[in-house]
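Notes follow once the structure below has been shown.
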There are 2 protein chains.
Amino acid sequence: MNMSRTRDTRERLVVIGGDAAGMSAASQARRMRDPDELEIVAFERGHFTSYSACGIPYWVGGDVAGPDQLIARTPEEHRERGIDLRMRTEVTEIDVERQRVRARDLDSGAESWTSYDKLVIATGARPIRPDMPGADAPGVHGVQTLDDGQALIDTLAHTRGRRAVVVGAGYIGVEMAEALINRDYEVTVLNRGSEPMSTLDPDMGRLVHEAMEGLGITMVNDTEVTKVLTGDDGRVRAVATQDAEYPADVVVLGIGVRPETTLAKAAGLPLGEHGGLLTDLAMRVRGHENIWAGGDCVEVLDLVSGQERHIALGTHANKHGQVIGTGVGGGYATFPGVVGTAVSKVCDLEIARTGLREKDARRVGLQFVSVTIESTSRAGYYSGASPMTVKMLAERRTGRLLGVQIVGREGAGKRVDIAAVALTAGMTVERMTALDLGYAPPFSPVWDPVLVAARKAVAKVRGS
Amino acid sequence: MNMSRTRDTRERLVVIGGDAAGMSAASQARRMRDPDELEIVAFERGHFTSYSACGIPYWVGGDVAGPDQLIARTPEEHRERGIDLRMRTEVTEIDVERQRVRARDLDSGAESWTSYDKLVIATGARPIRPDMPGADAPGVHGVQTLDDGQALIDTLAHTRGRRAVVVGAGYIGVEMAEALINRDYEVTVLNRGSEPMSTLDPDMGRLVHEAMEGLGITMVNDTEVTKVLTGDDGRVRAVATQDAEYPADVVVLGIGVRPETTLAKAAGLPLGEHGGLLTDLAMRVRGHENIWAGGDCVEVLDLVSGQERHIALGTHANKHGQVIGTGVGGGYATFPGVVGTAVSKVCDLEIARTGLREKDARRVGLQFVSVTIESTSRAGYYSGASPMTVKMLAERRTGRLLGVQIVGREGAGKRVDIAAVALTAGMTVERMTALDLGYAPPFSPVWDPVLVAARKAVAKVRGS
């Protein structure tokens, strides 16, 4: 098969990476341009396309039946839609000058060049793996890919002991702690920070800590994992920190991810301070008219701080893909940026945040007032009303909303959307107090908890 | 006791109406001004203060333990806070010229005048009662006040038959249908309109209709109640329409409410086309520096249509009270208006709306595109994901969001808040597609249903 540039008049789009951003871009470009106008070639080094990595903890925990359900579109389905998808094929070099990529078939080892008119880089993120002895021992698992998830599930099926150690207490860490509790493991979470969920301020992270302990999860903060200890069989038997040893039949690494931009860096493409590709608002790599990038390998503009951030999240990747595909197809769309919204849960505890934490605000020179209130998810008198804590930051003097963090039970998490939209609109907390939010006793107290926080913030802004 | 104006130097605030708006205003004024600066006299003709009328259907249905739980503050608690509260005392006249009100003690019948420096009118709304034979028969109940609720509960306790007829299929009607189903009644709802929930477009009301029938509620549309038929004992035995008779052991009237502005009208205060008092943004009655009005007796500005509406809703009444009390106390606050958000449920069906329906948009001269999409409350693969229908209206050409209606199960109702904030901010549907909303598989598909609707609306606006 001739992998060099075809001589026909069609343009060729090359996509590197077959998950959310890459395949959304390919699919949207295909919707906008017929195969006789635009050829689309996509490279994916793994076994799967268009899958929800965010769903892996729930698959492990039993809330998702199987890996097939996490796959939005299989390679075959993409091919049926006119995308030339090359699975198990890793791109090893981008030649920006000559507009071509080199790719290796991982099964045969064969390498070849494919030229492009337009290129989409969607190489995703790679998990941070601690550089310590034993980190690769059998029984130690990451949960970044479907393959990782399957490997963990296989281990869980064959491991007799019920002691699990989770390293890291961010989203992946707490979600995996939940998954393992749901599978009747004794779970210990080892956390470098002072409280779990460092995407929250520590006072809010403390609430998560207490709730996790209430669920029977052992939470160890301020600790550094130094070594994975193995038994005579070579399998993991414990995790060591500077202070102690934690026996473990299985270890899950949930320390976070970094943008996978090895190729981009080698090609001389612009990277930001977090290691992600830098793009313009149309998701084009800065300075490159015919190269787009999106998903977990790029940095995004934080609309509240005005600075770039790296956020690995499927919802952004899908939006990026949509914008990129529209641009590739000759249309117009932009991704204006994020406000930093995230929501998660540990069993029935819902955890949400948007905008800036206290330390984020300080770092970018914003002065602020901060308030924390307690309210309930429903009218206090309505059955099932559950407590909810809302923390709100507003800019000093102007009263502009800067951030919201919510910890509570049913109905708490998605309330963060109110603040996400208000942040996007640049609202002041004073304007927020008059927001016309949905009210009925089964859904909210007469003052929604977010508005209770806004009222308290208004009072505090006045004295600022 | 001398009810005429006191000779001391204190100002006197008189409040007419002891529920949400009136007592919120009184309480906020009290927080801002000590009793030696401001005397506060409040008149309430009923037995209760500061209660949640919205909670009555849930009390009847068993989700709220008792009427005490619906009372946020008792008369005694208000008095302890320095408010001179006169219960069972009905104001019968406002003398704007001489700045005084005449009130009658409903138990003794004694009348007297009380002068005021500042006046707050919070007379609420009165239920629409059909003008037909038998409407006052024993067994026919409104559900506007706590007294109404108690009377209905007493009737249900003593009635052997299990057939209930609900007249009206708006919020109160569907909530009462749920309450009666929860109490094992056979429920028939008689509705004048073509579908229940006329606050939705009929195509969305149709979904409510189907769900109600799925719950075993008999829904009769396009029908006019003509008569309540009574038995030999004088009690209700059936409800007659132009076409049929519906046997009934109990009848609940849920036809809606009108502003209670009899006093205000007699005093020559300005009323709008819906019969409610007209105020400025600080909730002062137009043209009257020292008279405020709020809650169910006023009209409010609809920020989307630019016209006044009448909306009886506790959440607005509380906000009005807060703004009024701040103004009375010498501070500054405004109520900018509403976008028309409402949420309700029938058993596990959640129903929400904000902004304009199709007919509202037409009435005010707005041209629009309309889209309807189906999605799920959680990621489709996550256990408990339930279907959700979202309808979205956007202005032709500009793409400005005009309204959203949502019908679904768990997690559907409060999603309307996303649209409520976006409407308040005047966002376009194009801007909405990039909103950074909370995403995780237990909370949302990767594209939130509201964003799926926004994407479809964008495509349709393009061709408009």
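To find a chain, count down the sequence lines: A is the first, B the second, and so on, and within it residues start at 1.
With a 4.5 angstrom heavy-atom cutoff, B:Leu423 does not touch chain A via any of its atoms. Interface residue B:Gln322: only side-chain heavy atoms are found under 4.5 Å from chain A. Using a 4.5 Å cut-off between heavy atoms, A:Leu451 contacts chain B through its side chain alone, with no backbone atom that close. In this structure, the portions of A:Ala422 lying under 4.5 Å from any heavy atom of chain B include both its backbone and its side chain. Proximity to chain B involves both the backbone and the side chain of A:Ala434, based on heavy atoms less than 4.5 angstrom apart. Heavy-atom distances place no part of A:Arg353 under 4.5 Å from chain B, backbone and side chain included. For A:Met432, no part sits under 4.5 Å from any heavy atom of chain B, backbone or side chain. The contact between B:Asp448 and chain A is made entirely by side chain atoms (from C-beta outward), counting heavy-atom distances below 4.5 Å. Within the 4.5 angstrom heavy-atom criterion, only backbone atoms of A:Thr433 (N, CA, C, O) approach chain B. Looking at A:Arg462, only its side chain comes within 4.5 Å of chain B, counting heavy atoms on both sides.
Per-residue heavy-atom pair counts under 4.5 Å with chain B were compared for A:Ala352, A:Ser344, A:Gly413, A:Gly66, and the maximum is reached by A:Ser344. When A:Glu175, A:Arg431, A:Glu430 are compared by the number of non-hydrogen pairs under 4.5 Å with chain B, A:Arg431 comes out ahead. Among the candidates B:Val416, B:Val458, B:Thr424, the residue making the largest number of heavy-atom pairs closer than 4.5 Å to chain A is B:Thr424. For the set B:Pro442, B:Pro445, B:Ser52, B:Ala333, the entry with the most heavy-atom pairs within less than 4.5 Å of chain A is B:Pro442. The choice from B:Pro336, B:Ala342, B:Ala425 that makes the most heavy-atom pairs within less than 4.5 Å of chain A is B:Pro336. The most heavy-atom pairs under 4.5 Å with chain B, out of A:Val338, A:Leu70, A:Val450, A:Leu437, come from A:Leu437.
No donor-acceptor pair closer than 3.5 Å links the side chain of B:Asp63 to the backbone N or O of A:Ser383. Between the side chain of B:Lys414 and the backbone N or O of A:Gly438 there is at least one donor-acceptor pair closer than 3.5 Å.
Side-chain contact check for B:Trp447 versus A:Lys319: some heavy-atom pair is nearer than 4.5 Å.
Atoms OH and OH, on A:Tyr58 and B:Tyr381 in that order, are 8.0 Å from each other to the nearest 0.5 Å. Note: B:Phe335 CZ to A:Asp436 CG = 6.5 Å, rounded to the nearest 0.5 Å.
Residue B:Val343 comes nearest to A:Tyr439 through the heavy atom pair CG1-N, 3.4 Å, listed as atom of the first residue, atom of the second, then distance.
Among the candidates A:Thr315, A:Val421, A:Asp417, the single residue satisfying the side-chain contact (heavy atoms from CB on, under 4.5 Å) test with B:Leu435 is A:Val421.
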